[in-house]
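Structure, as C-alpha cells:
This chain uses plain numbering: 1 for the first residue, then up along the sequence.
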Amino acid sequence: MKRLALIPARGGSKGLPRKNLAVVGDSTLLERAVTCAIEAAIFDAVVVSTDDPAIAEAGRKAGALVPFLRPRELADDSSPILTTIHHALVELEAGGKARFDLIALLEPTSPRRTPEIVRRVVAAAEEPGTDAALTVSPVPERFHPLKQFVNENGRVRHYLPEGVKITRRQELTPTYIRNGMCYATRREALDAGLGVLGSSAVMVVVPGPVVNIDSMEDLELARRLLEAESRA
C-alpha cells in the first residue's frame, strides 16, 4: 500500500497562539511530529498541511514535504479535518502523479507519540477486514460512563440508564477515549464518506499519561512529562 503521513498544522489557535511552533524538550511540536513520521520509516511521503508560511518553512527544515499552502477558509477553528485531508489528496494527486492507499494523521499536539505507536496503528488499519485504526487511552474506572450522572430538572439521573443496574466495579467493562496521537484510514473508507474512523476501526491502546496540547497548562504538562522521561 502507498502510505501518506499527513501532519495538519494551521497557523491560528485561540487556546494557545502558534502552538504548533511551541517548543517541548529540545524541538517544536511540529518538528517532533515530522521526525516521528520519518523515523517510523513506513511512509511514501510525509507532508505538512498548513496555511502559514512560517510553519511551512519549519516543516521543510524538519524534513517534511510542504508542496502547497492550505487555503485560509480551510484553516479556521471550524474546519473539519476531513476537508483538510481531502484538500491534501487533491493537491498531491493532481495530474496523476501519485495515489495514496492509506492516510495516517499525526497532529503535532501529541508530543508523546513514538514511531512504534505510529507503526502499530498503520499495521492495525491494514489488517484484513479493517479500514481504520486509532490510538486510545484507558478511561480511569472512577470516570466510567456507567458511574456518571446528569442534573435533570434539579434531580440526579444516571447519564446512561444501564448505570442504575451496576452495583460492583467488577461489572464495569473497560472503556477508552481517543487521545489524538495517531489515526490511520484506508483510502476506500475516505472515498466512501465514512470518515477517519471508517466502518470497522480498531483501537491501539496507549498506556501511561497522554497529553493533547490545546492550552498553556497542557503545554507545561507535556514539558514536565518529557523532562521526567528524559531523566528516567
Side-chain angles (χ1 to χ4, degrees), residues 3-11 13-43 45-50 55 58-59 61-64 81 84-85 102-126 132-144 174-185 196-197 201-232:
R3 306 181 185 113
L4 168 67
L6 183 63
I7 301 170
R10 62 190 183 87
S13 173
K14 293 180 180 178
L16 183 62
R18 300 192 71 72
K19 65 182 177 183
N20 290 306
L21 295 180
V23 175
V24 174
D26 57 357
S27 57
T28 66
L29 293 175
L30 177 66
E31 183 181 354
R32 295 182 74 91
V34 173
T35 300
C36 181
I38 292 173
E39 291 183 351
I42 58 173
F43 295 108
V46 176
V47 174
V48 170
S49 171
T50 185
I55 292 177
K61 287 182 178 180
I81 193 62
T84 298
I85 295 172
L102 181 134
I103 295 85
L105 198 64
L106 282 67
E107 297 172 303
T109 47
S110 294
R112 292 196 69 247
R113 176 178 43 231
T114 66
E116 176 57 25
I117 289 172
V118 173
R119 287 191 289 265
R120 287 174 59 200
V121 174
V122 169
E126 292 180 350
L134 75 160
T135 52
V136 300
S137 295
V139 174
E141 189 179 87
R142 64 185 181 278
F143 298 134
H144 195 283
T175 59
Y176 305 87
I177 187 170
R178 55 184 174 183
N179 57 35
M181 277 190 172
C182 185
Y183 298 86
T185 311
V196 293
L197 296 184
V202 295
M203 62 184 183
V204 173
V205 180
V206 178
V210 173
V211 58
N212 199 337
I213 297 172
D214 197 42
S215 67
M216 181 56 70
E217 291 76 13
D218 297 333
L219 181 61
E220 292 302 328
L221 174 58
R223 286 169 172 164
R224 291 196 299 273
L225 288 172
L226 290 171
E227 183 179 349
E229 287 178 2
S230 67
R231 293 198 304 264

Heavy-atom nearest pair, P111 first then L226, reads CB-CD1, 4.2 Å
Considering non-hydrogen atoms only, spot the tightest contact between V210 and S137 and give its length. CG2-OG, 3.5 Å
Short question: side chain of S215, backbone of D218 - any donor-acceptor pair under 3.5 Å? yes
Contacts of T185 that satisfy side-chain contact (heavy atoms from CB on, under 4.5 Å) - sequence neighbours left out: A132, A189, L190, V196
Heavy-atom pair with the smallest gap, counting every atom of N179 and N212: O-ND2, 3.3 Å
Roughly how far, to the nearest 0.5 Å, is OG1 of T114 from CD of E39? 10.0 Å
What pairs with E126 under side-chain hydrogen bond (donor to acceptor under 3.5 Å, both in side chains), at least two apart in sequence or on another chain? R3
Between R119 and A40, is there a donor-acceptor pair closer than 3.5 Å when you use the side chain of the first and the backbone of the second? yes
Nearest heavy atoms of V122 and A104, plus distance in Å: CG2-CB, 4.3 Å
List the steps, then state whether side chain to side chain contact (heavy atoms under 4.5 Å, CB included) holds for V211 with L225. CA-CA 9 Å; V211 58; L225 288 172; 4.2 Å; yes
Interatomic distance, CD1@I103 vs CZ@F43, rounded to 0.5 Å, equals 10.5 Å
Taking the side chain as C-beta and beyond, is there a heavy-atom pair between L4 and V47 under 4.5 Å? yes
Let me check something: any side-chain donor-acceptor pairs from residues 19-38 under 3.5 Å, sequence neighbours excluded? List them with distances.
from, atom 1, to, atom 2, distance (Å)
K19, NZ, I213, O, 3.4
K19, NZ, D214, OD1, 3.0
N20, ND2, R10, O, 3.0
T28, OG1, E31, N, 3.0
R32, NH1, V24, O, 3.3
T35, OG1, E31, O, 2.9

Are L197 and R178 side-chain neighbours, meaning at least one heavy-atom pair lies under 4.5 Å? yes
Do T135 and M203 have side chains that get closer than 4.5 Å, going by heavy atoms? no
Carboxylate-amine/guanidinium proximity below 4.0 Å for E220 and R223: yes
Any chance CD1 of I177 has more than 12 other-residue heavy atoms, nucleotides or ligands included, within less than 6.0 Å? no
What's the spacing between C182 SG and L105 CG if we round to 0.5 Å? 8.0 Å
If you measure from CD1 on I81 to OH on Y183, what distance do you get to the nearest 0.5 Å? 9.0 Å
How close do A124 and V204 get, counting heavy atoms only, and between which atoms? CB-CG2, 4.2 Å
Which atom pair, heavy atoms only, marks the closest approach of A9 to P108? CB-CG, 4.1 Å
Tell me whether R112 contacts the main-chain N or O of P209 through its side chain, where contact means a donor paired with an acceptor under 3.5 Å. yes
Could you state the interatomic distance from CG (L134) to OH (Y176), rounded to the nearest 0.5 Å? 12.5 Å
